[in-house]
Structure formats: C-alpha cells, structure tokens
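Just so you know, residue 1 is the first one in the sequence shown, and it goes up from there. In listed order, ligands and their atoms are each counted from 1. Because only heavy atoms are used, hydrogens play no part in the values below, and waters and symmetry mates are left out as well, while side chains stay in.
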Amino acid sequence: MLSYQHGYHAGNAADVLKHFILFLVLQSLKKKDTPFHFYDTHAGAGAYSLESSESLKTGEADSGIKKLLQLAEQSSTGLPSEITLWLKTLDLIQTQAKDTKLYPGSPYWAQHLMREQDRATLLELHPIEYQKLRDWKARDKRIKTFPEDSFKDFKSHLPPRAARGVILIDPPYELRSDYLNVTTLLVECLKRFAHGIYLIWYPVVERGNEITLLRQIKDLQIPKTLLVEINFRAERYGLGIAGTGLIIINCPWQIDSQINSALPWLANNLGDIAAANYRIDWLVPESLS
Ligand code: SAM
C-alpha cells in the first residue's frame with residue numbers, strides 16, 4: 001500500500017541537495033554532444049506547487065527552496081556560483097511555465113536540461129502520481145513513462161541505447177525493505193550497465209537504517225563512489241529526518257569539487273538550525289591501488 005506523496009515534501013532541504021547535484025551531473029554530461037539517457041526509478045509527479053495545500057500543510061519548503069530564494073533576494077553576492085546558476089535555472093523553468101510557485105521534480109530538472117538527442121525513462125508506481133506524471137510529460141517524445149514497480153521491473157530498461165546514462169534511485173524509504181531493495185536493484189543494474197552514473201538518495205534517520213545501506217554500497221568497491229551528506233542536527237533522534245544524503249557512483253570528473261564549493265554554504269543555510277554539519281567523502285576512491 002503506497003501512501004507517500006511527494007507533494008508534501010517538494011522543495012524541502014533534501015530535494016534541494018538532490019536536485020542541485022542532479023543538475024551538476026547532467027550539466028557535466030552536456031559538455032559532450034553524444035547523447036545521454038536519464039532514468040528515474042521513483043519519478044513522482046514531475047511538477048509541484050509550493051502553494052498547494054500539501055506543501056503549505058508541512059511547510060517543509062520553508063527550510064528548503066523558499067529559504068534559499070529569500071537569501072538570494074537579500075544578497076546574491078554571498079551565494080556560491082554553482083547555487084546561483086542552479087537558482088537561475090529554476091527561475092528559467094518557472095518563467096517558461098509562467099508559474100512562480102512551481103517547483104520542478106527530478107524529471108522536470110532532467111527534461112529542462114535534455115537536448116534533442118537525449119532520452120528519459122521514468123517509473124512511478126503510485127496511480128495518482130503516475131497520472132500526474134503522464135499529464136506533465138504530455139507530448140514530449142523523448143520521455144517515456146511506466147507505471148511499474150522499480151524494484152521488480154526497472155532492470156529490464158537497461159542498458160540504454162546511448163552510451164552514457166544517469167540513474168536516479170529515489171525511493172521514499174517508507175518501508176524498511178526499501179533499503180535492502182535499493183542495494184539489490186543497484187547490483188542488478190550494475191550487471192547490465194556498469195559504467196552508468198548512479199545517484200542514490202537516502203535519509204538520515206533515527207534508527208540508523210542508512211548505515212547498513214552505505215556499508216553495502218561501499219562493499220561493492222566501485223571506483224569513484226562519492227558520498228555527500230548534510231546533517232541538520234547533531235542528534236539523529238527527534239522529529240523528522242535528521243539529515244539527507246546522496247551517493248554518486250561513477251561520479252563524473254570535477255563534480256566533487258563543484259559540490260565542495262557549495263556544500264558548506266548549503267549546510268549552513270538549509271534546514272531549521274544554522275551550522276548543520278556535512279560530509280563529502282570518497283566511499284571508494286578512483287584508484288583502488
Ligand atoms: N524523484 C522524485 C523527485 O526528486 O522529484 C521524488 C520521488 S518520491 C521521493 C518517491 C516516489 O516513489 C513516490 O512518488 C512513490 O509513489 C514512488 N514509489 C514508491 N515505491 C515505488 C516502487 N516500488 N516503484 C516505483 N515507484 C515507487
């Protein structure tokens with residue numbers, strides 16, 4: 001039974017970190033003309049409103065995108081250049097959609113960055129979210145959507161025809177089994193598409209479920225596996241998630257330094273508590289020797 005709906009969380013601190021890193025990775029692929037394929041195993045609805053009743057009910061975007069936009073308005077000079085560029089892209093997406101309250105989900109960020117030669121495959125299991133996703137992508141022939149269970153069906157979509165691909169694995173982790181399912185899915189995907197760039201989102205939670213996930217991914221010993229994490233408070237106990245992280249497998253060149261230039265600022269400004277701490281570590285470095 002699926003109860004998670006991303007509209008309650010869109011534009012929160014976790015979304016900001018995830019979509020900022022997705023943006024950096026896709027931008028880096030665009031340096032070459034050769035096509036790339038974007039995959040979203042848990043795509044959500046595609047587009048969200050920061051003024052929807054769901055968004056206003058949780059107020060999560062207040063300590064995420066809304067906070068960043070306020071800071072940018074007060075003083076654009078204090079922002080890392082990568083964040084300024086990301087916010088400019090958000091502004092462009094909103095302007096094109098003629099909707100200043102729009103917050104794009106991962107499929108939307110990818111669509112905006114895709115060129116004629118690029119393709120996307122999006123999976124979403126929740127029937128209502130899937131219908132919204134289909135409506136959002138409308139007639140874009142570069143994008144295909146499937147109402148499938150990623151943990152069962154996604155591997156059959158690999159490998160892509162294009163030589164280069166980014167796979168975002170972004171489950172809600174509502175079920176404890178999601179953690180193990182992510183590792184199993186990743187192992188199956190790597191067999192079919194070993195040089196894909198995998199972005200795996202995880203929450204830092206009270207029970208420490210992500211610790212096993214990180215250990216299992218580290219044990220795969222795939223060179224160039226980067227971990228990026230922001231912890232909103234020192235304690236993992238308490239209300240809501242304590243932090244947010246992303247693992248990047250086959251991390252493209254220079255992405256680590258781009259993230260590094262923005263991460264201290266993001267950690268200071270995302271979330272409710274100032275001076276959150278952050279990590280950026282190679283779980284597995286480029287060369288194992
Ligand atoms: N990737 C989206 C973004 O960044 O904008 C957010 C996705 S949200 C965190 C997770 C989504 O996964 C939800 O819409 C949920 O309905 C969907 N979902 C949950 N289990 C799934 C499964 N086994 N297969 C495919 N989708 C699933």
Side-chain angles (χ1 to χ4, degrees), residues 1-26 38-50 52 54-55 58 60-61 64-65 86 89-90 93 97 102-114 120-137 143-158 166-186 188-189 198-205 210 213 228 240-241 244-248:
M1 177 67 188
L2 290 164
S3 60
Y4 182 94
Q5 283 183 289
H6 197 63
Y8 290 96
H9 312 287
N12 67 8
D15 256 11
V16 167
L17 182 68
K18 171 179 63 185
H19 295 150
F20 170 62
I21 292 178
L22 175 64
F23 169 78
L24 294 179
V25 168
L26 293 179
F38 171 70
Y39 294 93
D40 208 331
T41 62
H42 297 72
Y48 305 92
S49 169
L50 294 172
S52 69
E54 292 88 348
S55 179
T58 62
E60 285 188 24
I65 189 61
W86 183 69
T89 309
L90 174 63
I93 292 174
L102 164 74
Y103 184 77
S106 45
Y108 210 142
W109 285 100
Q111 185 202 37
H112 181 80
L113 295 166
M114 281 163 63
T121 298
L122 315 172
L123 271 66
E124 170 56 49
L125 191 56
H126 194 298
I128 298 171
E129 298 296 274
Y130 181 72
Q131 192 52 51
K132 289 182 187 164
L133 182 70
R134 270 188 65 127
D135 293 346
W136 162 77
K137 85 112 192 162
I143 302 177
K144 290 204 168 14
T145 58
F146 299 88
E148 293 178 345
D149 180 343
S150 277
F151 294 131
K152 289 199 190 112
D153 307 315
F154 178 67
K155 58 180 182 296
S156 66
H157 294 282
L158 292 178
V166 176
I167 300 97
L168 174 63
I169 303 180
D170 185 22
Y173 297 97
E174 260 185 321
L175 306 169
R176 224 173 151 187
S177 55
D178 277 2
Y179 292 89
L180 187 58
N181 284 338
V182 166
T183 320
T184 309
L185 176 64
L186 177 64
E188 287 168 339
C189 291
Y198 292 84
L199 304 180
I200 301 155
W201 178 75
Y202 65 88
V204 177
V205 289
E210 85 288 354
L213 174 72
V228 182
I241 63 169
T244 183
L246 215 75
I247 300 157
I248 310 168

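Each of the atoms 14 (O) of ligand 1 lies under 4.0 Å from some heavy atom of G44. Interface atoms of ligand 1 facing H126, defined by a heavy-atom separation under 4.0 Å, are 16 (O). Atoms of ligand 1 found under 4.0 Å from any heavy atom of D149, numbered from 1 in the order shown, are 22 (C), 23 (N), 24 (N). Every atom of ligand 1 is numbered from 1 in the order shown, and the set under 4.0 Å from a heavy atom of Y4 is 8 (S), 9 (C), 13 (C). Every atom of ligand 1 is numbered from 1 in the order shown, and the set under 4.0 Å from a heavy atom of G105 is 5 (O). Numbered from 1 in the order shown, with element, the atoms of ligand 1 that lie under 4.0 Å from a heavy atom of A43 read 1 (N), 2 (C). Near P172, the atoms of ligand 1 lying under 4.0 angstrom from a non-hydrogen atom of the residue are 10 (C), 12 (O), 19 (C).
At a 4.0 Å cut-off, at least one heavy atom of E148 sits close enough to ligand 1 to count as contact. At a 4.0 Å cut-off, at least one heavy atom of H19 sits close enough to ligand 1 to count as contact. Proximity of D153 to ligand 1 is not established, as no heavy-atom distance is less than 4.0 Å.
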What do the steps show when you test E124 against T145 for side-chain hydrogen bond (donor to acceptor under 3.5 Å, both in side chains), and what is the final call?
CA-CA 8 Å; E124 170 56 49; T145 58; over 6 Å; no
T89 vs W109, side-chain hydrogen bond (donor to acceptor under 3.5 Å, both in side chains): CA-CA, chis, key distance, verdict:
CA-CA 9 Å; T89 309; W109 285 100; over 6 Å; no
Could you go step by step and tell me if Y108 and H19 meet the ring pair (Phe, Tyr, Trp, His ring centres under 6.0 Å) rule?
CA-CA 10 Å; Y108 210 142; H19 295 150; over 10 Å; no
From CA spacing to verdict: ring pair (Phe, Tyr, Trp, His ring centres under 6.0 Å), Y173, H42
CA-CA 11 Å; Y173 297 97; H42 297 72; 8.4 Å; no
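In this structure, the protein non-hydrogen atom closest to atom 27 (C) of ligand 1 is H42 CD2, 3.3 Å. In this structure, atom 26 (N) of ligand 1 lies nearest to the protein heavy atom L125 N, 3.2 Å. Among all protein heavy atoms, the one lying closest to atom 3 (C) of ligand 1 is S106 OG, 2.9 Å. Of all protein heavy atoms, the one closest to atom 13 (C) of ligand 1 is E124 OE1, 3.6 Å.
Remark: side-chain polar atoms of T41 are not paired, donor with acceptor, to backbone N or O of L123 under 3.5 angstrom. Between the K137 side chain and the I143 main chain, a donor and an acceptor come within less than 3.5 Å of each other. Of the possible polar contacts, none joining the S55 side chain to the S52 backbone as a donor-acceptor pair under 3.5 Å is found. Within the 3.5 Å criterion, the main-chain N or O of H157 finds a donor-acceptor partner in the side chain of Y39.
Using cut-offs of 30° and 60° for the angle between ring planes, the Y4 and H9 rings count as parallel.
Ligand 1 has an N or O atom lying under 3.5 Å from an N or O atom of D170, backbone or side chain. In terms of N/O distances under 3.5 Å, ligand 1 is approached by S150. At under 3.5 Å, not a single nitrogen or oxygen of Y48, backbone or side chain, sits near a nitrogen or oxygen of ligand 1. For a threshold of 3.5 Å applied to N or O pairs, the pair formed by H6 and ligand 1 contains no separation below that value. Between F151 and ligand 1, no N or O atom pair is found at a separation short of 3.5 Å.
A salt bridge does not link K132 with D135: none of the charged nitrogens is closer than 4.0 Å to a carboxylate oxygen.
If you look at K18 next to ligand 1, the close heavy atoms, those under 4.0 Å, all belong to the side chain. At a 4.0 Å heavy-atom cut-off, ligand 1 touches T41 through the backbone alone.
The line from CD1 of I200 to OH of Y202 is 10.5 Å long, rounded to the nearest 0.5 Å.
Pairing each heavy atom of A110 with each of F38, the nearest pair is CB-CD2, 3.4 Å. Here the shortest heavy-atom pairing between F151 and D178 reads CE1-OD1, 3.5 Å.
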